[in-house]
Structure formats: structure tokens, C-alpha cells
Student: 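Submitted below is the structure of interest, expressed as C-alpha cells.
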Amino acid sequence: MHIGVIGTGIVGVATAAWLQRDGHSVSFIDPNDAGSQTSFGNAGSISPSAVLPVGMPGMWKRVPKWLTDPEGPLVIRTHYLPRVLPWLMRFLRHMSEAEVTRIAGAMRGLLAPTFDCYTPLLQRAGATGLMRRDGCLYVYSSRAAAERWRFGTQLRRDLGVEMRPVEGEELFELEPALRGRFGFGQFAPENGSTIDPQALVQAIYAQAIEDGAAHLRARATGFDLADGQVRRITLDQGDPLAVDGVVIAAGAWSGHLACKLGARVPLESQRGYHVTIPDPGVTLNRNVMAVEQNIMVNPMRMGLRLAGTVEFAGLNAAPNPGRAEALIAVGRKVFGALKTETYTTWMGHRPCMPDSMPVIDRAPRAENAWFGFGHGHVGMCGGSTTGREIAHMVAGRAAQVDLHPFRADRFRLF
């Protein structure tokens, strides 16, 4: 079959690679370079433990303080509040302990095989060196402070995630740079990261091209359907592309395309920022999540990357430089020796659903169209498994992951 894959982020390229393993031909449809959008600015975590939703029990109590704190992790631009309010109300419905437990269980099924699903793709691309499997540290100021997050930690353990308490000298042996700022941690040894998320995406993409994929530098605008199947993908320039099937993996830009195929989904952009410091004066050995400060720090080959902020402002508003400056300010508090004379900043669009779970499903109006979008904060963690599962759907094989929680019609929007 000839499959059109809309999107060249991590989900799109991983899906294409898995489809090619089944013998399908692939045409990418994306006006941008592979890995140049949201995947470019990823924090780099590849973590089977990243199963918790964004909305946790009791989190709503902290929102007012966050919104008034210039260094806080959340901003809602005033002009965008009326538009995002219905999404936020749905988001609140998924914060109960029962809902969080349900969501985490579903996400564990999706994320647990992430390395198994990446390995064959990276081996073929000769790019296994872009992936590390050296664990992740969740760190806190003290053991007592960590008790505030006990529910989430225990839920992870209940789902089979190893979370090993470390403190004192054992913590500092893992990460000497944490001395003086943190006193307790949870070490997740099955986790890992990438030293360059864009390079990882581009390596899989380049191999897909070498294996025969084409790339149309155009934007998909719609579909020509006949007898319940997509026959052609219409483009903003050039002739329509004739296909035997289509995968929508366009991240935050997937919503209007999914709607054209019968799925109305509450997809929103949680705009994320990062700062990358090429000469930070701080050495880390692995991914570190400073939980109280809500900041993830990852040593990459281009420098130390700091990420962890959310902004609601839609797809078109200009970046807010203050959000990047807030990351720098928090970084200085976390690492007293952090050098910030030189750094780069970035803003991108995390594609988020109110329940923090992606859409992985067949389109309602077309039996040869499939969805893979809405991965939010775990695109790099879940992209490889999503690609494998979409390939299973295309082939008519049984899924290896329970995909029912990720169906497109799980929200009532009418």
C-alpha cells in the first residue's frame, strides 16, 4: 500500500519506519524539515515511567499561585482564556485519584515498550548512539518534601516502575552537581533519554527516505473520499496525492484534519519553552527532574537543556521571551554554579488532550485513515510505540497495546 504520513515529527517518522518494515511505500506530507518543530525542542526524556497525567489530584489548588508567579510553570495569556476555558474544564475532570490511576495504567501500556520499539529503527539508521539508557533522577529538597508526591510515586510502583529511593552520599555519587540543593531522590533505572532529539528524528527520517519514502513539501488541507476510503490527500500547493491510506501525525495541527475524517477532538497546544546552555559550568550524568521546581534538566551534546513550562496562547501568538527567562531564573536556583552568559531559547507546541493521553485510532469516516497525535509531554517517550501500533492497525494485526483508552471518540463534544 501507498500510505501518506502527514507530519515529520517523532510520531510521523516512527510510524513511517514501522510501515516500511511491513513493505508499504510512504510519502511524507509536511512543509517543514523533519524534526524541526515540536520534536526539535523536546526535553529528551525517553521514560517508561512518564505515565502520570499533567493534571494530578489537588493540583488545581496551586494554579492561582502559579498564574501570579512570573517564574511559575503556567501562563494563560488573557486574550486566549475564553477560547481555552472549555478545554481547561475538561482537563479538571481528569484530576481525581480514580481518573489519574486509570490514565497512568493506560500510559504504562504505551510507554513500557518504548526502547523495544526504538531499537530496531535506530539500529537500521545506525543511530543507536543517540539514545541513552542510564536512568532518570526525580529529586527533592528532602525526604519530607517528597511526601507531597507520594501518591504519584506509589502509583508508578504499582504499575511496575522501579523507583529506588536515594539520599545523602548515594544521591551525590549519582549526580555530584546536586550537592547542596537536594537531599532526596527517586532513581528510575529503566528510563533514558536522547542526547539530541532532532538528530534522532532526522536519523529515522533519513533512513526512511533511503528506503524509498518521498517527502512532499506541502501542507495537507483535506481529503477526497469515496466508498468510505481516502482516495487522495489535497494539498495547499500542487496536485492532490493519490494514496491507499493516510496517517495523521501532525501534532498540534492535527485537529482540523481529524475533523474532516469525522473525529472532533479537544486538541490544544500547551506551548513549551526550553533553554539550552552550551557552557553551563554544571555537569550532569543523566536526565534530572527537579520536582518541586517543575523543571527537567537534560545534558545533551549541544549543552544543558532546561524545560518545563506551559503556556496557553494558541498556535499563532508570538513567543513570550519571559517564559525562557523564567527557566533561566529557576535553573540558577537549582544549580548555584550555573553559567548563563550564553544560551539559546525555543518555543514549540505540545499537542495535548485534556486527559494527557494521545489519540491512536482509526478515523470514523474512512477505514483507511489512522490517527497518531496528541502525545503532549511524552511525544519522544511514546512515538516509537505509537508507530508500531499504527502499523499493526494498517496490517489488520492484533495490537500489542490496549488502544481502547486512546480512541478518538472518548470525549463528548456535541
Side-chain angles (χ1 to χ4, degrees), residues 42-54 56-59 97 100-119 128 131-195 282-300 304-308 330-331 334-335 356 377-378 380-382 384-385:
N42 195 284
S45 171
I46 303 177
S47 299
S49 75
V51 299
L52 302 181
V54 175
M56 293 292 288
M59 192 182 80
E97 289 192 6
V100 168
T101 300
R102 179 187 71 84
I103 292 165
M107 291 301 293
R108 179 61 173 169
L110 181 68
L111 301 185
T114 181
F115 290 108
D116 291 340
C117 293
Y118 268 123
T119 297
T128 55
M131 187 172 65
R132 298 179 298 208
R133 301 188 66 172
D134 49 8
C136 171
L137 263 175
Y138 300 85
V139 295
Y140 309 83
S141 56
S142 66
R143 180 182 282 270
E147 283 295 298
R148 290 174 52 196
W149 286 270
R150 180 171 55 180
F151 171 74
T153 301
Q154 187 57 51
L155 179 54
R156 283 181 164 124
R157 289 196 177 108
D158 292 344
L159 292 169
V161 176
E162 182 180 353
M163 301 284 286
R164 181 164 61 84
V166 291
E167 57 187 322
E169 289 305 312
E170 184 181 10
L171 174 62
F172 306 137
E173 286 175 9
L174 287 170
E175 295 293 348
L178 301 180
R179 187 182 296 274
R181 293 295 190 277
F182 299 96
F184 182 75
Q186 297 281 0
F187 182 54
E190 71 175 319
N191 287 1
S193 61
T194 173
I195 62 173
V282 170
T283 300
L284 289 181
N285 299 312
R286 61 185 53 77
N287 221 18
V288 171
M289 178 69 190
V291 180
E292 292 162 277
Q293 293 80 13
N294 200 45
I295 190 170
M296 180 167 281
V297 187
N298 193 6
M300 296 186 175
L304 195 67
R305 179 163 293 180
L306 287 66
V330 174
V334 171
F335 302 105
S356 302
H377 295 245
V378 294
M380 196 62 64
C381 303
S384 63
T385 311

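Quick note: numbers below take in every heavy atom, side chains included, and nothing from hydrogens, waters or symmetry partners. Quantities reported herein were computed from a predicted structural model and do not represent experimental measurements.
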Student: Provide the closest heavy-atom pair for V100 versus P57 in the form atom of the first, atom of the second, distance.
Tutor: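 Distance-wise, the nearest heavy atoms are CG2-CD, 3.7 Å.
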Student: Rounded to the nearest 0.5 Å, what separation is found between the CE atom of M131 and the OH atom of Y118?
Tutor: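 Reported to 0.5 Å precision, the distance equals 8.5 Å.
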Student: Are L110 and M107 side-chain neighbours, meaning at least one heavy-atom pair lies under 4.5 Å?
Tutor: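 The answer is yes, as the side chains (C-beta and beyond) meet within the 4.5 Å cut-off.
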Student: Indicate the atoms forming the closest heavy-atom contact of I195 with M300, along with that distance.
Tutor: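 In terms of heavy atoms, the two residues are closest at O-CB, 3.1 Å.
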Student: For residues 180-187, which side-chain donor-acceptor pairs fall under 3.5 Å, sequence neighbours excluded?
Tutor:
residue : atom : partner : partner atom : Å
R181    : NE   : K333    : O            : 3.1
Q186    : OE1  : R157    : NH2          : 2.9

Student: Give, for atom CE of M56 and atom CD of E97, the distance between the pair rounded to the nearest 0.5 Å.
Tutor: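 So the CE of M56 and the CD of E97 are separated by 8.5 Å.
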Student: Does any donor atom in the side chain of N298 or R132 lie under 3.5 Å from an acceptor atom in the other side chain?
Tutor: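 Yes - a donor-acceptor pair under 3.5 Å links their side chains.
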Student: Working to the nearest 0.5 Å, report the span between SG of C117 and CG of L111.
Tutor: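 CG of L111 is found 10.5 Å from SG of C117.
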Student: Mind checking whether P176 and T283 have side chains closer than 4.5 Å, heavy atoms only?
Tutor: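 Side chain of P176 against side chain of T283, heavy atoms only: no contact under 4.5 Å found.
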Student: Can you tell me how far apart CG (L306) and CD (Q293) are? Round to the nearest 0.5 Å.
Tutor: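 Between L306 CG and Q293 CD, I get 11.0 Å after rounding to 0.5 Å.
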Student: What's the spacing between C381 SG and N42 CG if we round to 0.5 Å?
Tutor: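 That separation rounds to 7.5 Å.
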Student: Just jot down the side-chain hydrogen bond (donor to acceptor under 3.5 Å, both in side chains) partners of R148, sequence neighbours excluded, or say none.
Tutor: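 Testing R148 for side-chain hydrogen bond (donor to acceptor under 3.5 Å, both in side chains), a comparison that skips the adjacent residues, returns none.
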Student: Classify the side-chain pair Y138/S49 by whether it contains a donor and acceptor separated by less than 3.5 Å.
Tutor: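 Distance-only check passes for Y138 and S49.
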Student: If I compare all heavy atoms of M289 with all of I295, which pair ends up nearest, and what's the gap?
Tutor: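 Closest pair (atom of M289, atom of I295, distance): SD-O, 3.5 Å.
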Student: Are M296 and H377 close enough, and set up right, to give a side chain to side chain contact (heavy atoms under 4.5 Å, CB included), and what steps lead you there?
Tutor: CA-CA 11 Å; M296 180 167 281; H377 295 245; over 6 Å; no
Student: Using a strict threshold of under 4.0 Å (side-chain N to carboxylate O), is an ion pair present between E190 and R108?
Tutor: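 Yes, charged N to carboxylate O under 4.0 Å.
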Student: Taking the ring of Y140 and the ring of W149, is the distance between their centroids below 6.0 Å?
Tutor: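 Yes - the distance between ring centres of W149 and Y140 falls below the 6.0 Å cut-off.
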Student: To the closest 0.5 Å, what do you measure between OG1 (T128) and CZ (R133)?
Tutor: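 Answer for the OG1-CZ pair, T128 versus R133, is 11.5 Å.
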Student: What is the minimum heavy-atom distance between R286 and L174, and which atoms define it?
Tutor: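 What the structure gives for the nearest pair is NH1-O, 3.0 Å.
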Student: Considering only heavy atoms from C-beta outward, does the side chain of L155 approach that of V51 to under 4.5 Å?
Tutor: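 No - every pair of side-chain heavy atoms lies 4.5 Å or more apart.
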Student: Looking at side-chain heavy atoms only, is the closest gap between N285 and D134 below 4.5 Å?
Tutor: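 Answer no - side chains too far apart.
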Student: Which pair of non-hydrogen atoms, one from V282 and one from A177, has the smallest distance, and what is that distance?
Tutor: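 The answer is CG1-CB, 3.8 Å.
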Student: Is E173 paired with R179 through a side-chain N to carboxylate O contact shorter than 4.0 Å?
Tutor: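 No, no charged N to carboxylate O under 4.0 Å.
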Student: Does a side-chain heavy-atom distance below 4.5 Å link L178 with L137?
Tutor: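 When only atoms from C-beta onward are counted, L137 and L178 do touch, with a gap below 4.5 Å.
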Student: Looking at every heavy atom in both S142 and A145, which two are closest together, and how far apart are they?
Tutor: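 The pair with the smallest heavy-atom distance is OG-N, 3.0 Å.
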Student: Any heavy-atom pair between the side chains of N191 and S45 that's under 4.5 Å?
Tutor: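 S45 does not reach N191 side chain to side chain.
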